[in-house]
Protein chains: 2
Amino acid sequence: MLSKKTKYAFHALTYLAENQDKGAVLIQEIASSKNISHKFLENILLELKKAGILGSKKGKGGGYYLIKKPEEITLAKIIRLLNGPIAWLPCVSLNYYEKCSDCPDEATCNMHIIMCQVRDQTLAVVENKTLSDLITSNN
Amino acid sequence: MLSKKTKYAFHALTYLAENQDKGAVLIQEIASSKNISHKFLENILLELKKAGILGSKKGKGGGYYLIKKPEEITLAKIIRLLNGPIAWLPCVSLNYYEKCSDCPDEATCNMHIIMCQVRDQTLAVVENKTLSDLITSNN
DNA sequence: CACAAAACCTACAAACTTAGTAGGGTAATA
DNA sequence: TATTACCCTACTAAGTTTGTAGGTTTTGTG
């Protein structure tokens, strides 16, 4: 299941994508529009900024804005950033790889093979869907 | 990520499948063979029994055994039982459906559509793989 | 320049989930 | 009838998620 953090991130990004003409948007505006705690959203937007997805402007008239085009931001990127690994096992993760303690040999582990398939099927969707697929008013 | 509980279940089921000729197998035998805490494994096997996957025999010479053929036990069933929903959103889950609080309308929610695709791609794998695909000595 | 606005940052707290433990109850077998 | 081994409930410890508190820094404006 996706965490609330992840869902909030999608909501915020969607809002920003739909209001790109506005320039910098206040955290508060996103928070109240999407029913998210201001301070919690603050952390999320900061993470998205550090990941190079959002830009920000401080002081009066400041706020957050998209730094990339919506069609360049894949769902996979957001999910990995805020939700963690997409794979079901660490030994199968492309971005968060870790050796499985219980599995003696990945090459011969049947679980490993199947979990690779699950991962690839999932990635086939979320690597090819972007923020632009989430926007409703898609002019 | 799959929980330890789920991984332990797969290990135990694999062991039972590979030792079907033995009849009832002690919890302790599985636990020490697969390096799992006896008591923790006890809970897991009990759940698998209640789900109709395992049978048990009490008293001396007792233990657990598979009640179904390995090729009848899908990975999806085990994962749902011990790990919970396979879907990434409650509003997309086939077995654990719940309305999303934030999503106003499922029919028009773009996230909903994409998450259905993710779910279906995942199920395409785990509904068609069974315990027999995890066994090494597959005579 | 001073003030206010708004992002930035660190640390903490509460709630929930997962992992594992404790200890006795119950049924079957020898 | 004693032993074995599953059955059951409840609890604890650890970790993660979710959210809060409070101050710092930057920037625009009068």
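So you know, we letter chains A, B, ... as the sequences are listed, proteins then strands, and number each from 1. Here the structure is a predicted model, which means the values were calculated and not measured. The analysis underlying the following values was restricted to heavy atoms, covering all of them including side chains, and did not include hydrogens, waters or symmetry mates.
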### Query
Is there a path from I27(B) to F40(B) through hydrophobic residues (I, L, V, M, F, W, Y) whose side chains come within less than 4.5 Å of each other?
yes
### Query
Taking only residues two or more places apart in sequence, or in another chain, which ones meet E29(A) in a salt bridge (charged side-chain N to carboxylate O under 4.0 Å, His left out)?
K22(A)
### Message
Holding to salt bridge (charged side-chain N to carboxylate O under 4.0 Å, His left out), I want the full list of residues that pass it with R119(B), two or more places apart in sequence or in another chain.
### Response
none
### Task
Describe the nucleic acid contact of L45(A) in one word from base, sugar-phosphate, nothing, applying a heavy-atom distance below 4.0 Å.
nothing
### Task
Have a look at L26(A) and say if it touches a base, only the backbone sugar-phosphate, or nothing, with a 4.0 Å heavy-atom cut-off.
sugar-phosphate
### Task
Name the closest nucleotide to the K39(B) side chain, picking from dT18(D), dC8(D), dT20(D).
dC8(D)
Check nucleotides 24-30 of chain D against the protein and report each pair of N or O atoms closer than 3.5 Å, with its distance, or say if there are none.
| from | atom 1 | to | atom 2 | distance (Å) |
| --- | --- | --- | --- | --- |
| dT26(D) | O4' | K58(A) | NZ | 3.4 |

Whole-Å gap separating [atom2] ([N]) and [atom1] ([X]):
X: H38(B); N: dC7(D); atom1: NE2; atom2: P; answer: 11 Å
X: I36(A); N: dT20(D); atom1: CD1; atom2: P; answer: 13 Å
X: Y64(B); N: dA5(D); atom1: OH; atom2: C1'; answer: 9 Å
X: N43(A); N: dG22(D); atom1: CG; atom2: P; answer: 16 Å
X: K4(B); N: dT16(D); atom1: NZ; atom2: C1'; answer: 15 Å
X: M1(A); N: dT17(D); atom1: CE; atom2: P; answer: 15 Å

### Query
Which residue pairs satisfy the salt bridge (Lys or Arg N to Asp or Glu O under 4.0 Å) criterion with at least one member in residues 6-15 of chain B, sequence neighbours excluded?
none
### Task
Name all pairs fulfilling the salt bridge (Lys or Arg N to Asp or Glu O under 4.0 Å) condition that reach into residues 39-61 of chain B, sequence neighbours left out, sorted by first residue then second.
K5(B)-E47(B), K39(B)-E42(B)
### Task
Name all pairs fulfilling the side chain to side chain donor-acceptor pair (under 3.5 Å) condition that reach into residues 65-82 of chain A, sequence neighbours left out, sorted by first residue then second.
R80(A)-E127(A)
### Message
So, under a plain 3.5 Å distance rule, would you say the side chain of E42(B) forms a donor-acceptor pair with the base of dC6(D)?
### Response
no
### Query
Which residues satisfy the side-chain contact (heavy atoms from CB on, under 4.5 Å) test with C109(A), sequence neighbours excluded?
C103(A), M111(A), H112(A)
### Query
Which nucleotide of DNA chain C is the first, and which the last, in the 5' to 3' direction, to come under 4.0 Å of a heavy atom belonging to chain A?
dA5(C) to dC9(C)
### Query
Between Y8(A) and G63(B), who's closer to the 5' end of DNA chain D by nearest nucleotide?
G63(B)
### Message
If you take any heavy atom closer than 4.0 Å to DNA chain C, which residues from residues 46-56 of chain A end up in contact?
### Response
L46(A), K49(A), K50(A), S56(A)
### For DNA chain C, the residues among residues 73-88 of chain A that have a non-hydrogen atom under 4.0 Å from it
none
### Summary
The bend of the helix from dC1(C)-dG30(D) to dA30(C)-dT1(D), taken between the axes of its five terminal pairs at each end and rounded to 10°, is 0°
### Task
Hey, could you give me the CG/OG1 distance between L81(A) and T6(A), rounded to the nearest 0.5 Å?
9.0 Å
### Message
According to ring-ring contact (aromatic ring centres under 6.0 Å, His included), does anything in residues 70-111 of chain B pair up with another residue at least two apart or in another chain? List the pairs.
### Response
none
